[in-house]
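In what follows, a structure is listed as structure tokens, so that the remarks can point back to it.
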Amino acid sequence: MSKTTQITELNSNPNVVLFLCRWCSGKGADLAGTSRLHYPTNVLPIMVNCSSRIDPQHVVEAFLEGADGVLITGCHFGDCHYKTGNYKTFRRMALLSRLLKQVGVNPKRFRITWISATEGAKFAKITTEMVEDLKKLPPYGKNGKGGDS
Ligand code: FES
């Protein structure tokens with residue numbers, strides 16, 4: 001199954017690609033599930049070993065393949081299992097965020113946040129907030145036009 005098929009098969013409005021690091025954010029998502037917290041089904045989770053494995057190109061590809069928003073989550077600073085991975089992610093994605101804004105992508109479409117294994121409620125809150133914010137914007141990925149302005 002191609003990436004395009006996966007994103008379009010979500011068939012939700014909006015579609016959100018969610019990158020999670022396996023150690024903290026992934027466990028936080030698990031906790032949200034086992035705690036029976038409600039969060040949107042609009043997200044396509046992509047698990048990586050560390051948020052530092054996410055290349056800016058992955059984010060750009062997600063938008064090009066039909067995502068209406070991209071959410072990156074990782075361990076809190078000081079908790080990354082690879083010591084400095086999330087610091088690198090933060091710097092890299094801050095640059096990407098500015099670039100996306102310059103090409104007309106609404107900043108609400110791209111977020112990065114830190115979620116620990118004990119923060120299932122935060123996971124549910126962040127994903128819900130992002131989906132609700134994106135519902136207020138016109139579709140991005142599906143209309144194929146790109147750009148919010
Ligand atoms: Fe979670 Fe690096 S292992 S951000």
Side-chain angles (χ1 to χ4, degrees), residues 1-10 12-137 140-141 146 148:
M1 183 181 295
S2 75
K3 289 178 288 189
T4 305
T5 305
Q6 289 176 340
I7 292 172
T8 53
E9 278 186 0
L10 269 174
S12 305
N13 189 13
N15 290 324
V16 178
V17 172
L18 167 66
F19 291 101
L20 313 104
C21 86
R22 177 177 310 278
W23 301 105
C24 291
S25 307
K27 301 296 182 209
D30 286 347
L31 180 61
T34 55
S35 302
R36 298 182 180 216
L37 298 174
H38 292 276
Y39 57 88
T41 56
N42 305 47
V43 295
L44 174 66
I46 299 174
M47 190 85 75
V48 292
N49 271 338
C50 175
S51 64
S52 64
R53 296 290 296 157
I54 305 159
D55 190 284
Q57 183 64 32
H58 298 144
V59 176
V60 171
E61 280 182 27
F63 281 118
L64 292 175
E65 299 285 344
D68 296 304
V70 177
L71 175 61
I72 293 177
T73 61
C75 304
H76 286 278
F77 292 134
D79 289 344
C80 174
H81 288 239
Y82 304 94
K83 299 194 189 257
T84 59
N86 51 3
Y87 289 99
K88 291 173 184 163
T89 304
F90 180 73
R91 287 195 299 266
R92 205 178 291 150
M93 296 308 164
L95 286 172
L96 177 63
S97 181
R98 274 186 259 157
L99 188 66
L100 290 173
K101 192 174 174 187
Q102 281 188 339
V103 296
V105 177
N106 188 308
K108 290 185 177 179
R109 296 193 186 278
F110 177 59
R111 290 189 191 172
I112 181 166
T113 192
W114 316 113
I115 299 174
S116 78
T118 62
E119 294 179 318
K122 182 177 179 182
F123 175 84
K125 182 175 180 279
I126 296 282
T127 52
T128 302
E129 280 177 2
M130 181 149 188
V131 167
E132 290 306 314
D133 283 350
L134 291 177
K135 281 181 181 174
K136 296 171 191 160
L137 299 175
Y140 183 77
D148 289 313

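As the structure lists them, so they are numbered: ligands from 1, and atoms in each ligand from 1. Note that these values count all heavy atoms, side chains included, but never hydrogens, waters or copies made by symmetry.
- A heavy-atom distance below 4.5 Å is not found between the side chains of S51 and T73.
- A distance-only check finds no donor-acceptor pair linking the side chain of R109 to the backbone of F63 [under 3.5 Å].
- Listed by number with element, the atoms of ligand 1 under 4.0 Å from a non-hydrogen atom of N49 are 3 (S).
- With a cut-off of 2.8 Å, atom 2 (Fe) of ligand 1 has an N, O or S atom of C50 in range.
- The shortest non-hydrogen separation linking H76 to N86 is O-ND2, 2.9 Å.
- Judged by distance alone, the side chain of D68 and the main-chain N or O of N15 form a donor-acceptor pair under 3.5 Å.
- Ring centers of F77 and F90: under 6.0 Å apart, within the cut-off.
- Atom 2 (Fe) of ligand 1 has no N, O or S atom of H81 under 2.8 Å away, backbone or side chain.
- Which parts of ligand 1 touch W23 is read off a 4.0 Å heavy-atom cut-off, strictly below it: atoms 3 (S).
- To the nearest 10 degrees, the angle centred on atom 1 (Fe) of ligand 1 between SG in C75 and SG in C21 reads 90°.
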